[in-house]
Every structure is written in structure tokens, then in C-alpha cells.
Chemist: 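Just passing along the structure, written as C-alpha cells.
Each chain gets a letter, A, B and so on, in the order its sequence line appears, and its residues count up from 1.
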Amino acid sequence: MERGREERWQAAWREAGLATARRVPDREKFFAIVAYPGSSGFLHVGHVRGLSYADALHRYHRMEGHQVFFPTATHASGLPSVTFAQRVAARDERVVAQLRQNGVDESEWPRLEDPAYAARFLGRSYLKVFRALGLLIDESAYGTTIDDDYQAFIRWQFGRLERSGSLVQAPYFASVCPVCGPVSVDPSETDLARGGEAEWIPYVLVPFALDDGRVLLAATLRPETVYGVTNLWVHPNDPLVVWHQSDRAYLVARSAAEMLSEQHGGRVGHEVPLADLLPRSVHVPLTSRSVPILESRLVDPAVGTGVVMSVPAHAPADWLALGEASSADRQRVGDVPVIVDSPAADLTPSERALLAGSGSPAERAVRATGARSLSDRTALDEATERLYRLEHLRGVMTVPGLDGVPVEEARRRTTERLPEAGGGFLFYQFSEPVVCRNGHPVVIRRVPDQWFLHYGDPSWKAQTAALIARLRVSPPDYGKELVDILAWFQDRPCTRKGRWLGTPFPPDPEWVIEPIADSTFYPAYFVVRRYVSSGRVPVAALTPAFFDYVFLGEGPGEPSVPPELLRELRAEFTYWYPLDINIGGKEHKRVHFPVFLYTHARLLPEELQPRGLFVYWWLTATGGAKLSKKDVGTKGGAVPAIHDVFDEYGADVLRLFYAFVSSPFQDVTWDAGLARQCGERLEEVERVLRPAFGAGEGAPPELDAWLLDSVRTLVRRSRDALDRFDFRELAQAVYVDFPGRMRRYFLRGGAVGDATAKAARVWVRLLSPLTPHLAEELGEGRFPGLVAEQSFPTESELPADPLARYGEEYLERVEEDLRNVLKASEARGRAPAEVVFYVADPWKRELDRWLRESGPEPVPDLPRRLLERARQHPELSAHAVEVPEYVRRAQPQLRTDPSPAPDAFDELGFLRASVGFLIRRFGFDQVRAVAEGEGEPHDPKGRRHRARPGKPAFYLVPAPAGSPPS
RNA sequence: GCCGGGGUGGCCGAGUGGCCAAAGGCGGCAGACUCAAGAUCUGCUCUCGUAGGAGUUCCCAGGUUCGAAUCCUGGCCCCGGCACCA
């Protein structure tokens, strides 16, 4: 549909006030939200997936006569719009392209360099998209999270949380850009230029003292292997520096010294020439041994501390490095002690393969993986990874004092003992270089006084678990997963320092509340926001007392607000709350949804806590890659900008695409071909539906009855699908099966008339949740108002007609049987010109009834028993001879038989009435239907006895030899 | 490794004890329409079949059951999450 038509209907909905939420006490309500978008760039076609589902649900409930509330906002907090603004300032190529694509005038660009302005600007651009999609969003509740009123709400929320003991302070390690401030390191790379996949590696630092008191610090993940150390490795030409910390002098690589200072304080001192170290030995902590310092290219000064403790028996790299060392060095190393044993009995087959042969575990692993030298990265990494895991899980120590202790336990004990030797503290490092948006390397820094939300608190956890147990979750699997997520959930840092958008943290305004923490209770605020945007409640009145009263019913409320208004607000809140569904993408499963539940569980009584979650999956780029806003309109058009989709296909097509293309619980790839198909589907609906309204004679009453009965079934399916959030099933019923039924109706000789008009009136309303524009277009002038305000069809509008339903199902079965046989006979090159049907005699019906009574289980001697019974029966006695044979044939088929015909079904009459249809459909010259018992001449093959009630026998009369195929 | 989800016909993807040789779509084949192409519509698309039937299928191997794609056990393989990332 062209944009103009769609906009016309969008305006009509607005004028009718359909989007405006209205509280009507005693009327049912429906309140659902979609996790609001962050202001990081322009929306692409994937962002509206959840909104399409949400709008369909709101529209359904509206048609059901419920009061609905569908608000949205823009999440402006955090870094996203800061980086967007920076990229505008830098005239970043892609951002410039997107600005042009979205028709943003160049005069506007300088203002977009201000993050707050950019956030609000982007938010407005989202609203435009939502309108163009036909969403009925109540925009009176719209705002951003950096608006003054929202911040007043967040201050109240944190005040409440603090008073309930939900905030705690503790030291914390954070990823920080030394120039720009804190950044989050995650795959979305919102804050980063690269390194989003980096992991935090928690190295334990092991001190190796020289005789002069200076200490070489080795970084390791396996501190327990200190008992197997044979030497230290240092880089051949990268000198160490002194790191002075707490009166000690440690020797490490320069970059490590800098990072250690971030995490543990101290300062970086002068360089130490290698020549000074190489001839010397160091003391191995927790042992009485001394080992040499050797050089090896194994050492990467950027990883760990640039000092590597060598455990050749258990570290494949050390083993290979030793092999590459000079014979003099090897001499100094001496024996290679094995300190961990992994009993073969405990191993899996692949683990056993790794440890095949003889020698130390590292030697075996090197052999098993084929790693030849230190340059052989892939094989070496595999050997290390597999051996590390194996020994971690199955290994037991074989050194005195720890003999028989599992590796994991030994690691803990060793780490605990290291401080007495002057080491043992943790050193966090990224697994790969991480660079911030602005090109600075990101470091891990210790924050001594970080604020946390105390999600680890067992009582809070218990409250949340109780909420989860009551929650309706789609998909249900996620409901199960939530229980585990909750079990693992720990305290989360909730504040940051730096140039972020967000609300200053009330107890300490140096800190800004972090963006996840300020989005846990916002559905509640939507209720209030409507009063603020209309001016009825001034921002200054949004005091703690105000919110305590409105949300919690506590205290007298804010004195500057009239009591009636306060009561009204409280009534609004308790009307719309609890939130019926929070709808969000799968990225919210582990963070947003849990904290959303946590906060509601803590602040609200049970009856106002959320009722449902709905998780939908992503729209991905080809190959399943995650899309981000920076990809909009790029990748060779594989990911179209959303306006292009509206222009090319229309809003309804996109909405249908999401419903139709897959279940919500699955990633989909944008596929222009599929989108086109959705468009064609809609065209077909229009083609079939539009003429159905026309006036006409109608069709035979049985056929009309069947049509309406079919529509009734489709209504039932549609309603069930919506109640289960099964949008795919809804689309299947309304956009595939409905036109299918209509086609069949006309194929059977149906004609436009009252029945088709009635079906069309139902159908148009069924179209409304998913494709509202098309529904209005087709329903124009057919209803007292807009289709969107009509009632959703119910089954009771349509007469059920089991007899008509049975007849059509019967005919379809007959067609199928016939086609089956024709296929076989046509394969032999004979096209029959005529068919004779034989309808079973009434006595078989009685016999079938007996068979069904005896059930599908094999009964010994059944034919004989029924024969006896038939002899006593007035009607069947005449056919007694035929009984055993019939029973033998029919009994096994009983289980798969369709339900028996209604008593009123006249099989012969129905078949005779269908003769014309069958002739047309199959191209026969003649079709006849006779009763089995009638003396009809044509049955040379004795087929008539095959007839069963509901399953006529037939005989295909061969075409006369030489006649042309019909 | 742990937690979660999976492996279905040429492909995508429904289906969780009998109505399942298994929806729907794509692809392919044939026909109708058309000067032709495209679009559209109709039929077919595991194998065999001397008529409505039979055989063999839903990762592999066992098992439960009158009956299994569906339940159980073991194995192989794949995907997601493992944390601070709205």
C-alpha cells in the first residue's frame, strides 16, 4: 500500500483517539511495553520486531473491549548518544550517510554534536518510525531518560532502594579508558572501536625473589604449578622495569608495570638490563628451590607480566621452549618434575588420546596435537587448552604436602599461601587489545568505592524468585532459564563516573547512575509522565513524597499537588499496574529482565508485580551476524533502512513479515524475497476479500453453511493464537488458510452473496491486529467506524454446522482417494473417462457402530462374534454372510478412521450433488453415484463391496481403446 | 567444563505417543492462461505399485509400548549463555 494511504489511516486512528489510554474503572485493561530503544543511531528494520508484536496484542485487546495502554520512551542514558554525537562531530562517513538517508538537513548537524540534543533528536526519529509502522502508541507518555521529570523519578527510586538496604559499596575492577572514562567491554562494541569480544583474564601473580630482595613477578592461571617450576622465561630483548609498590621492588615488563599501577597503585621505576638478570637465579616461593632465569621468544611482553614461570611438564609451550633452548640453558634447568597426575580411569576418550604415549603430560599433549614449535600457534593453543582443562578437572597433585589433592583445591590453597611470599594478588588483563571509541587503549582499573545494587542479597533474591514462579513467560523455556539466571545473579555496579548521560546518584552526585539501573521500574513512570506532559503535574512536584504516595500508597503525598489529583494518580497507577507483559529482545534475557523483576519484587506488593515476559529473537544479517544501528542501510542493501522498507513494501508487509516468517523465538535473516512474498500474500487477500463483499445470489445453502462454519473455526484458531502470543499461527490462519477456504468455496461453486459478505466482515477484522492498514482499506464503509474499533470476531457470530463440515471433509477425502488411484492408472497411460461411485449400504453403518464399540484393540474371534450378532439383527441378518469379510477388512482401519458421519448425513445424495464438481475438477466425461445394493451394471471388477460408510468404493471405467485422452 | 536449546524430506522450517509419508514456504517438474517471457492459477515432487496399497524414512545405537519423529538410556554433532552487555 502506498505511504499516502497508510498515513491517511494512521491519521484516522489518531483522530479517533484510539492510541490514547483511558482508565475506565471496572473495565478490563491491557498494559504492555516493549523495552525502549537506546539512542545510539537510526533504527533499522530489525528494531521494530517486538513493537509489531506488541501493537498486534494491543489492537487485539482494544477490539476485545479492553482499555489499553501502549507507551514508549527513549533510553538516552549512558554512552550511546555521546558516541553518536562524537561521530557526528567527526563527520564519520557512515553517520553522515545515515544523516543524509534520513533527510537530516546539514544545518542540523552541528546541534547533533551535543549528546543530549542528539538523544532527543534520535528519540523523535524513532517516534516517526513508530507512527509510520502504524503503532498505536500513547505519545502523551513519551519522554527520554534524561528529562528532568524522569530523573526525579530515578532519584526517588534509588532513595527507596537505598532505604531498603539494596545499595552497597565495595571495591571493584572496571574497564576504563584513561582519557574518556568508564567503558563497557561487550560484543555490541557500543563503547569501543575494537576488542568487544575480549575477556577478563584473572592472573595470579607469583613472586620469585632474587638474592638482593627484588622480586620477579610471574603471571599465571595455574599457581599450583609453582611446585613444578624449573626456570623463569623473559623476553630476549625487552628489558624489565621496576614497579615500586608498598616498599617492594618488583620486576615486570613496562606495560605490565603500568597496568599493575592502575590496579594496585605504586609507580613505575627504571629499566633493568637483561644482562643483569640472565646469569642469576631466583627463589621459587613455597619451596626451597632456586631456578635460573632464561630468555625465550615464548614471552610476549604484552601478555601477563612479561615474566613467565616455566613448568615444562605441564605447559606445552614451556616444553617446546625448553626444546629450543641452548644446551647450556637446558643444563641449568635440570630435571623436569611432574607434579600432577590424571588417572587414566577418569578420562574421556578424547582426554585419553591427549595423554597417549610416554613422557610428561605436556610432552604427550604436544605429540597428540602435532605441535612442532612455538610458532605452531594453532596446535600449541589446542594442546594448552586441552591439557589445562583436563588437569583442572581430573588432575590430582603429587607433591609433598598436597599429595592427592585435586588441582582445583590445590590452586585455591596455593593462592592463599602466596601472600606470605610477597605475591598472590590478582592482576586482570584483557584477552586481546581493547580500544575505546576515540582510539585510546582501554585498561582495567580498581575502583575502591563502587556502588552496587545488592542483587546477591538472599532475601531480595527470594522475593524475586517468588515473582518468577508466578510469571507467565514466553517462550516457556526462558522461564526455566530465569530460575538459573537468578541463582547466579550477583551484585551489580550501578553507578559510573565520567561523561555520561544519566541521573546523578543521590547519595553522591559525583557518580552517575548507570543505564541498566535506571531502566528497571520505568513502566510505572509512564503513568505519571502523562500528567507531567499535559502540565497537570509540574516537575517540581515530583518529590519522594509524591512517588511514595502514587506508587506505594504511602504517606500523605506531595503537599503542592491537590489531594484529588494525587488520588487520581494513585487510581491510574493501580488501574494500569500490574504490567501485563514486558516485551524485549533476547539480549535482555540476562540483564534487563532480571533487574526489572528484582526492582518490582522489592518495591511493589505481589498484586502489582508484573504478570508476563515475552522474549523475541533478532533480525540478523546474513549468516546470523548481529545487526547494530551502525549497519543501517549498509552491507550492500542486505539490511535496508526502515524507511526504504516502508517505501518499497509498506508497513503492513513488515508487520506481517515478523509474524509470518518464523516463530518469535528464532532469529530471522532479512530476506527481500520473503518480504515480497508477504506483500503478495496481502495482495491475494485483497483479491479474494474485496469481491466477497459484493451483492449476489449466493450459493447452495449447504455450501454457505460450510463456509461460515469454516470461518468459525478460523476465528477460534485466531483467538487461540493471539491468547498464546502465537503470531505465526495467527498469520497462518488469517493470511493462508482463510484465503484457501475462500478459494475452495468458489471452486465448489460458491458465489458472492450474504455468506461471503459475512465471511468478509469477519475476515477484515481478523486482519486488523497484524495488518491494520489493509484492514481499514478493505473494511472502509462496511462498519460504523474504523475497523480498529470494531469488536474482534467471536465464534458466536457464526453458525456452526457439523453436517456441512462433515460433507466437505468427506468430499475432500473422496477426491484424495480418487487422485491416488488416478495417479497409478495414469502412470500406465490410461486416462479413464468415467467413474462410478458405490455408496455403502446402511447395514454397514450399523456394523461399523458395533466395531467402534469393541474398540481398536484386537479382539479374538471378532468376526465370528459379530456374525452371531448379525444373525439376530433384523436388518443385518440378510447380509450375515458378508459380515466376517467386512469385519476383517474394516477392523484394522478403525484407528485411523475419521469420526463417523452425523446421522443426518445423506452420503449418496451428497455425492450425487457433487457430480458436477467432480466432472469439472477431474475432467471426466461422466460421474455416477449409486448405492452399493442397486443393480447397476458397471462393476466388472466387483469393487462395490469395498464401500464403507464415509468411504465410497469406485470403479474407473476405462476409456474406449483408441479414443483420445480426455 | 557448567547451564540452556537443538539435530525432521534437495533447502528453510512446523510437528512432542496413534488422524504423520510428516503443515507451510523455497527450489524442481507438468499443465492452464499467454504470440512469447514474466506474473498468476492447478496438479505432482521418498521408493515401488497389474486402482484407493505396500515398503523405507525424521543424527546413530539400544530400550519402553499393541504402536515412537514424538518417551527412556547411551553416543556423536551443532548453537546460545557463562555475567555486568538497556
Side-chain angles (χ1 to χ4, degrees), chain A residues 35-40 75-78 80 145 172 174-175 184-191 196 199-200 349 388-390 392-394 452-453 455 475 477-478 480-485 487-494 514-520 522 584-596 617 624 660-663 665-669 671 673-674 677 680-681 683-684 687 728-729 731-732 736-737 740 743 747 813-814 816-828 830 832 856-858 895-899 921-922 941 943 946 951-956 958:
Chain A
Y36 47 29
S39 49
S40 55
H75 192 209
S77 321
T145 56
Y172 175 65
S175 45
S184 63
V185 175
D186 70 87
S188 73
E189 293 199 346
T190 315
D191 300 352
E199 291 178 28
W200 286 36
Y388 179 101
R389 172 166 296 171
L390 186 159
H392 173 67
L393 290 167
R394 329 253 183 225
F452 288 84
L453 278 161
Y455 294 127
D477 285 338
Y478 175 55
K480 286 189 281 170
E481 210 181 334
L482 259 180
V483 175
D484 295 320
I485 292 171
W488 290 117
F489 221 79
Q490 293 175 14
D491 295 358
R492 289 177 57 97
C494 60
E514 117 0 288
I516 301 162
D518 80 356
S519 320
T520 58
Y522 65 94
K586 68 175 179 178
E587 71 275 20
H588 298 307
K589 283 164 75 169
R590 270 152 205 287
V591 181
H592 169 65
F593 284 140
V595 297
F596 157 81
W617 268 232
F660 202 41
V661 114
S662 81
S663 113
F665 318 127
Q666 209 170 340
D667 288 340
V668 297
T669 303
D671 182 336
L674 284 176
Q677 275 174 41
E680 287 160 8
R681 187 71 54 200
E683 282 165 25
E684 198 200 341
R687 215 169 26 240
R728 185 179 231 220
E729 165 70 8
Q732 177 83 22
V736 180
D737 294 340
R743 271 202 307 274
L747 198 64
R813 280 197 306 273
V814 169
E816 194 185 321
D817 276 354
L818 198 54
R819 223 177 261 130
N820 230 327
V821 175
L822 283 171
K823 196 168 54 173
S825 85
E826 273 162 11
R828 291 192 308 277
R830 299 159 65 199
E857 309 309 323
R895 208 190 290 275
T896 55
D897 269 356
S899 49
R921 188 125 172 101
F922 289 90
K941 296 210 168 179
R943 300 256 171 234
R946 300 181 62 95
K951 202 169 178 344
F954 51 82
Y955 172 59
L956 293 175

Chemist: Could you pick out which residue, K586(A) or F593(A), lies toward the 5' side of RNA chain B when each is mapped onto its nearest nucleotide?
Modeler: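 That would be K586(A).
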
Chemist: Starting at NE2 of H588(A) and ending at P of G80(B), how long is that distance when rounded to a whole Å?
Modeler: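 Checked: the NE2 to P distance equals 19 Å.
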
Chemist: Starting at CZ of F922(A) and ending at C1' of G52(B), how long is that distance when rounded to a whole Å?
Modeler: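 Computing the F922(A):CZ to G52(B):C1' distance gives 12 Å.
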
Chemist: Consider the side chain of R819(A), meaning its heavy atoms from C-beta on, and name the nucleotide among C44(B), A14(B), A86(B) that approaches it most closely.
Modeler: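 So the nucleotide nearest the side chain must be C44(B).
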
Chemist: When rounded to the nearest Å, what value does the distance between C1' atoms of A22(B) and C77(B) take?
Modeler: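 The same atom, C1', in both gives a distance of 24 Å.
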
Chemist: According to a strict under-4.0 Å criterion, is R921(A) in side-chain N/O contact with OP1 or OP2 of G43(B)?
Modeler: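 Looking at the OP1 and OP2 atoms of G43(B), one of them is under 4.0 Å from a side-chain N or O of R921(A).
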
Chemist: Using a 4.0 Å heavy-atom cut-off across all strands, classify R946(A) as base, sugar-phosphate, or nothing.
Modeler: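 Base contact.
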
Chemist: According to the Watson-Crick and G-U wobble definitions, with both distances under 3.5 Å, which nucleotide is paired to C29(B)?
Modeler: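 C29(B) is paired with G43(B).
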
Chemist: Go through A14(B), C85(B), U40(B) for me and flag the one nearest to the R728(A) side chain.
Modeler: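 Ranking A14(B), C85(B), U40(B) by closest atom to the R728(A) side chain puts A14(B) first.
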
Chemist: Rounded to the nearest angstrom, tell me the gap between atom CD in E683(A) and atom C1' in U40(B).
Modeler: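 About 11 Å, once rounded to whole Å.
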
Chemist: If only atom types and distance count, is the side chain of T520(A) paired as donor or acceptor with the main-chain N or O of V595(A) below 3.5 Å?
Modeler: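 Answer holds: no.
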
Chemist: Report which part of the nucleic acid H75(A) touches: base, sugar-phosphate, or nothing (heavy-atom distance under 4.0 Å, all strands).
Modeler: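 Base, at least one base atom sits under 4.0 Å.
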
Chemist: Without decimals, in angstroms, what is the distance between F596(A) CZ and C84(B) P?
Modeler: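 Going from F596(A) (CZ) to C84(B) (P), I get 23 Å.
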
Chemist: Using the C1' atom in both, what is the distance from C20(B) to G24(B), to the nearest Å?
Modeler: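 Pairwise C1' distance, C20(B) against G24(B), rounds to 15 Å.
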
Chemist: What residues form a side-chain contact (heavy atoms from CB on, under 4.5 Å) with R681(A), not counting sequence neighbours?
Modeler: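 Scan of R681(A) (side-chain contact (heavy atoms from CB on, under 4.5 Å), adjacent residues dropped) gives L656(A), F660(A), E684(A), Y735(A), V736(A).
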
Chemist: Using 30° and 60° as the class boundaries, would you call the ring planes of Y522(A) and Y36(A) parallel, tilted or perpendicular?
Modeler: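 Parallel.
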
Chemist: Classify the nucleic acid contact of Y36(A) as base, sugar-phosphate or nothing, counting any heavy atom under 4.0 Å across all strands shown.
Modeler: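 Contact class for Y36(A): base.
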
Chemist: Touch check for V736(A), heavy atoms < 4.0 angstrom, all strands: base, sugar-phosphate only, or nothing?
Modeler: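 If one applies the 4.0 Å heavy-atom cut-off, V736(A) turns out to touch nothing in the nucleic acid.
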
Chemist: If we take the C1' atom in both G27(B) and C11(B), what is their distance in whole Å?
Modeler: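 Going atom to atom, C1' in each nucleotide, I get 7 Å.
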
Chemist: So which nucleotide from A51(B), C41(B), G24(B) ends up closest to the side chain of V821(A)?
Modeler: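 The closest nucleotide is A51(B).
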
Chemist: What distance, rounded to whole Å, do you find between the two P atoms, one in G25(B) and one in C71(B)?
Modeler: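 These two P atoms come out 27 Å apart once rounded.
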
Chemist: Mind checking the C1' distance from G13(B) to U65(B)? Whole angstroms is fine.
Modeler: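 Going atom to atom, C1' in each nucleotide, I get 30 Å.
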
Chemist: Out of A83(B), A51(B), C85(B), which nucleotide sits closest to the side chain of Y955(A)?
Modeler: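 Within the option list, the nearest is A51(B).
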
Chemist: Remember a base hit wins even if backbone is also touched, and classify L956(A) as base, sugar-phosphate or nothing at under 4.0 Å, heavy atoms.
Modeler: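 Here L956(A) touches the bases of the nucleic acid.
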
Chemist: Could you check whether Q490(A) gets within reach of a base, just the sugar-phosphate, or nothing at all, counting any heavy atom under 4.0 Å?
Modeler: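 It contacts base atoms.
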
Chemist: Want to settle it: does R687(A) or R492(A) sit nearer the 5' end of RNA chain B, counting the closest nucleotide to each?
Modeler: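 That would be R687(A).
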
Chemist: C76(B) and C85(B): how far apart are their C1' atoms, nearest whole angstrom?
Modeler: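 After rounding to an integer number of Å, I get 34 Å for this pair.
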
Chemist: In the structure shown, which nucleotide is the Watson-Crick or G-U wobble counterpart of U64(B), with both distances under 3.5 Å?
Modeler: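 By the stated definition (distances under 3.5 Å), nothing pairs with U64(B).
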
Chemist: Could you check which of G43(B), C84(B), G52(B) has an atom nearest any side-chain atom of A953(A)?
Modeler: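 Minimum distance to the A953(A) side chain belongs to G52(B).
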
Chemist: When the P atoms of U40(B) and U47(B) are compared, how many Å lie between them, rounded to an integer?
Modeler: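 Approximately 27 Å lies between the P atom of U47(B) and that of U40(B).
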
Chemist: Between F452(A) and Y172(A), what is the ring plane arrangement, given parallel below 30°, perpendicular above 60°, and tilted in between?
Modeler: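 Aromatic pair F452(A)/Y172(A) classed perpendicular.
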
Chemist: Suppose we define a pair by two distances each less than 3.5 Å, Watson-Crick or G-U wobble; what does C85(B) pair with here?
Modeler: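 Base-paired to nothing in any strand shown.
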
Chemist: About how many Å separate NZ of K589(A) and CH2 of W617(A), when rounded to the nearest 0.5 Å?
Modeler: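 If we round to the nearest 0.5 Å, W617(A):CH2 and K589(A):NZ are 3.5 Å apart.
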
Chemist: Heavy atoms under 4.0 Å, any strand shown: does P475(A) hit a base, just sugar-phosphate, or nothing?
Modeler: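 Contact class for P475(A): none.
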
Chemist: Rounded to whole angstrom units, what separation is found between the CH2 atom of W617(A) and the P atom of G6(B)?
Modeler: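 Those two atoms, CH2 and P, are 11 Å apart.
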
Chemist: Output yes when at least one side-chain N/O atom of R681(A) is less than 4.0 Å from OP1 or OP2 of G24(B), else no.
Modeler: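 Result: no.
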
Chemist: Checking all strands, does Y478(A) fall into the base, sugar-phosphate, or nothing category for heavy-atom contacts under 4.0 angstrom?
Modeler: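 Nothing: the residue Y478(A), judged by heavy atoms under 4.0 Å, touches no strand.
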
Chemist: Look through every strand shown and name the nucleotide pairing with A21(B) as Watson-Crick or G-U wobble, where both distances are under 3.5 Å.
Modeler: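 Base partner found: none.
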
Chemist: For the pair made of CG in D737(A) and C1' in A23(B), what is the distance, rounded to whole Å?
Modeler: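 About 9 Å, once rounded to whole Å.
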
Chemist: Where the side chain of D477(A) is concerned, which of G6(B), C85(B), G24(B) is the nearest nucleotide?
Modeler: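 Of all the options, the side chain of D477(A) is nearest to G6(B).
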
Chemist: Which value, in whole Å, describes the distance between the C1' atoms of nucleotides G10(B) and U57(B)?
Modeler: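 15 Å, rounded to whole Å.
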
Chemist: Under a 3.5 Å limit for both distances, which nucleotide forms a Watson-Crick or G-U wobble pair with G53(B), could you say?
Modeler: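 Pair assignment: G53(B) / C48(B).
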
Chemist: Just call it for K480(A): base, sugar-phosphate, or nothing, with non-hydrogen atoms closer than 4.0 Å on any strand.
Modeler: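 It contacts sugar-phosphate atoms only.
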
Chemist: Looking only at non-hydrogen atoms, find the nearest pair between I485(A) and P594(A) and report the distance.
Modeler: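 Smallest heavy-atom distance, with atoms named: CG2-CG, 3.9 Å.
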
Chemist: Specify the closest pair of heavy atoms between P493(A) and E514(A), including all atoms of both residues, with the distance to one decimal.
Modeler: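 The answer is O-CG, 3.9 Å.
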
Chemist: Hey, could you give me the CD/CZ distance between E481(A) and R590(A), rounded to the nearest 0.5 Å?
Modeler: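 Rounded to the nearest 0.5 Å, the CD-CZ separation comes to 5.0 Å.
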
